[in-house]
**Student:** 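Have a look at the structure that comes next, please.
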Amino acid sequence: MNDALNRLHVFNRLSHSSAQLEGAVTLGDGMALAIWRNQLDAVSYAPQGHHTLSCYLDGGYDTFLRGRPEQRGAPGRLCVLPDRQETDWVVNGHLRFLHLYFSPEQFASQTLTLLDREPREMCLPQQTFFDNPQLARLCHALPRLDWSDPGQRLQGNALAHQAVAQLIQSQLEPRQYPRLKGGLSAALRRRMIEWLDNRIDQPLTLGAMAAEAALSETHFAHMFRISFGMPPHVWLQTRRLSKARQLLVQERLSLTEVAMACGYSSPSHFSNRFRAALGITPSRYRELNRRQTRLEW
């Protein structure tokens, strides 16, 4: 876990500052959480490869961006640190805060699914000390979970997905004067999503996808990545895992049948892919969801 977290620029920078780490966990799906305490410090970030949502849990009244002392934090306030955006912070007094780290691929997938917009068309702007009660409630629920418990960590994954979705739906903005060169047309992009979803149980190849789009394999792979923000095989893997989770919760199919329905070559291949993404096996995922359902009843 530490290696995965230390590859996150913001987490790594805080680890080498005066900040104290209360706890951290990887949640799968390109998401991770950390709770920090800090005081009397100065920290700068230039994140590469991930976005960060920050929620102040306690204090922060004397925390501000360098050069903007008139804007200060408070419990419940939120900040967004986008990928490739530099920020320079001054921390005076006490501050306790939660960080939700999420990958550009998670951002791209939710942008396409929720907004039907290409990720390159949209911008996740840097925001400092804004209020969003629904998003803050989701963030405050995350520290109350026991991250060492697999079932509650699974709840954390679900809450983190909701938080990223809420952030995208409420804070995303169209890019000003975007240079949208290349990529698939909007009509072809939607048709490819439908085509892939309808054949997710099949062993799809890049050649078959390219043929459906009437493009060469090389050109299709390049255009797909521009429009979807990720390569075709990553998008397909994301959709397969999403469908697998739906089927596992429904419990009508055996694990072998779920694997076949989602296009995996064997139950072991399915289990390995699922565990790599979520940190637990499909059978454990089903068991934890069954237990959670009983608790809710």
Side-chain angles (χ1 to χ4, degrees), residues 27-32 47 49-55 78-85 99-128 130-139 141-142 156-200 209 212-213 220-246 277:
L27 294 173
D29 299 328
M31 300 184 296
H50 69 91
H51 306 288
T52 303
L53 171 64
S54 175
C55 180
L78 300 149
C79 301
V80 176
L81 286 64
D83 179 25
R84 304 181 188 280
Q85 180 70 54
H99 272 174
L100 168 58
Y101 311 108
F102 59 100
S103 67
E105 289 78 16
Q106 179 63 223
F107 166 80
S109 178
Q110 294 228 36
T111 299
L112 282 160
T113 302
L114 296 171
L115 304 182
D116 189 26
R117 299 288 296 270
E118 291 190 15
R120 61 180 178 152
E121 297 178 33
M122 308 303 290
C123 171
L124 183 61
Q126 177 192 323
Q127 299 218 43
T128 308
F130 68 96
D131 293 310
N132 183 316
Q134 183 177 351
L135 187 53
R137 280 195 296 273
L138 290 168
C139 289
L142 288 164
N157 175 280
L159 288 171
H161 271 290
Q162 292 177 46
V164 174
Q166 174 63 20
L167 182 66
I168 286 173
Q169 290 174 311
S170 63
Q171 304 300 321
L172 221 57
E173 299 176 353
R175 290 189 184 276
Q176 289 189 336
Y177 313 113
R179 297 180 179 180
L180 300 181
K181 294 183 179 179
L184 305 175
S185 69
L188 180 55
R189 169 170 52 81
R190 296 185 186 105
R191 182 159 65 84
M192 288 307 303
I193 292 174
E194 181 179 4
W195 188 84
L196 289 168
D197 283 347
N198 288 338
R199 291 161 179 79
I200 208 149
M209 298 181 212
E212 176 62 22
F220 171 77
H222 180 61
M223 295 297 102
F224 189 101
R225 185 162 193 158
I226 289 174
S227 289
F228 284 71
M230 66 189 81
H233 72 277
V234 176
W235 171 261
L236 188 57
Q237 176 70 4
T238 300
R239 302 294 268 197
R240 281 180 167 153
L241 288 171
S242 177
K243 182 174 182 179
R245 279 184 268 193
Q246 294 173 14

**Student:** Measuring from atom SG of Cys139 to atom CG of Leu53, what distance do you get when rounded to the nearest 0.5 angstrom?
**Tutor:**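 With rounding to 0.5 Å, SG (Cys139) is 4.5 Å from CG (Leu53).
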**Student:** Output the distance between atom CZ (Arg84) and atom NE2 (His51), rounded to the nearest 0.5 Å.
**Tutor:**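 Answer for the CZ-NE2 pair, Arg84 versus His51, is 9.5 Å.
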**Student:** Can Ser109 and Met230 be said to form a side chain to side chain contact (heavy atoms under 4.5 Å, CB included), step by step?
**Tutor:** CA-CA 9 Å; Ser109 178; Met230 66 189 81; 4.2 Å; yes
**Student:** Quick check for you: to the nearest 0.5 Å, what is the distance between Trp235 atom CH2 and Leu196 atom CG?
**Tutor:**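 Trp235 CH2 to Leu196 CG: 8.5 Å, rounded to 0.5 Å.
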**Student:** Angle between ring planes, His50 versus Tyr101, binned at 30° and 60°: parallel, tilted or perpendicular?
**Tutor:**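 Perpendicular.
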**Student:** Just to verify, what does Glu118 make a salt bridge (charged side-chain N to carboxylate O under 4.0 Å, His left out) with, not counting sequence neighbours?
**Tutor:**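 Checked Glu118 against salt bridge (charged side-chain N to carboxylate O under 4.0 Å, His left out); matches are Arg120, Arg189.
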**Student:** From Ser185 OG over to Arg190 CZ, what is the distance, rounded to the nearest 0.5 angstrom?
**Tutor:**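 The CZ atom of Arg190 is 9.0 Å from OG of Ser185, to the nearest 0.5 Å.
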**Student:** If you measure from CG on Leu184 to NE2 on His222, what distance do you get to the nearest 0.5 Å?
**Tutor:** 10.5 Å
**Student:** What distance do Asn157 atom CG and Met31 atom CE have between them, rounded to the nearest 0.5 Å?
**Tutor:** 4.5 Å
**Student:** Is any side-chain heavy atom of Leu81 less than 4.5 Å from a side-chain heavy atom of Gln85?
**Tutor:**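 No. Closest side-chain heavy atoms not under 4.5 Å.
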**Student:** Check residues 161-170 and write down every donor-acceptor pair under 3.5 Å in which the side-chain atom is one partner and the other belongs to a residue at least two apart or another chain.
**Tutor:**
unit_1	atom_1	unit_2	atom_2	d
His161	ND1	Gln106	OE1	3.4
His161	NE2	Asp29	OD2	2.8
Ser170	OG	Asn132	ND2	3.3
Ser170	OG	Gln166	O	2.7

**Student:** So for atom CZ, which belongs to Arg199, do other residues, nucleotides or ligands contribute more than 12 heavy atoms lying within a distance under 6.0 Å?
**Tutor:** yes
**Student:** For residues Gly49 and Pro104, report the shortest heavy-atom separation together with the two atoms involved.
**Tutor:** O-CD, 3.1 Å
**Student:** Kindly indicate, with the supporting measurements, whether the criterion side chain to side chain contact (heavy atoms under 4.5 Å, CB included) is fulfilled by Leu172 and Arg117.
**Tutor:** CA-CA 11 Å; Leu172 221 57; Arg117 299 288 296 270; over 6 Å; no
**Student:** Let's go through Gln171 and Phe130 carefully: what are the C-alpha distance in whole Å and the side-chain angles of both, what is the deciding distance for side chain to side chain contact (heavy atoms under 4.5 Å, CB included) to 0.1 Å, and is it a yes or a no?
**Tutor:** CA-CA 10 Å; Gln171 304 300 321; Phe130 68 96; 3.6 Å; yes
**Student:** Which atom pair, heavy atoms only, marks the closest approach of Cys79 to Thr128?
**Tutor:** SG-CA, 4.1 Å
**Student:** Do you know which two heavy atoms are closest between Pro82 and Pro125, and how far apart they sit?
**Tutor:** CG-C, 3.7 Å
**Student:** Tell me the closest heavy-atom pair linking Leu241 and Ala277, and the distance in Å.
**Tutor:**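 The pair with the smallest heavy-atom distance is CD1-CB, 3.5 Å.
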**Student:** Under the criterion side chain to side chain contact (heavy atoms under 4.5 Å, CB included), I'd like the reasoning laid out for Asp197 against Arg239: C-alpha separation, chi angles, the key distance, then a yes or no.
**Tutor:** CA-CA 7 Å; Asp197 283 347; Arg239 302 294 268 197; 2.6 Å; yes
**Student:** Search all heavy atoms of Pro119 against all heavy atoms of Ser227 and return the closest pair with its distance.
**Tutor:**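 So the two residues come closest at CD-O, 3.2 Å.
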**Student:** Looking only at heavy atoms, what is the nearest atom pair of Leu78 and Cys55, with distance?
**Tutor:** CD2-CB, 3.7 Å
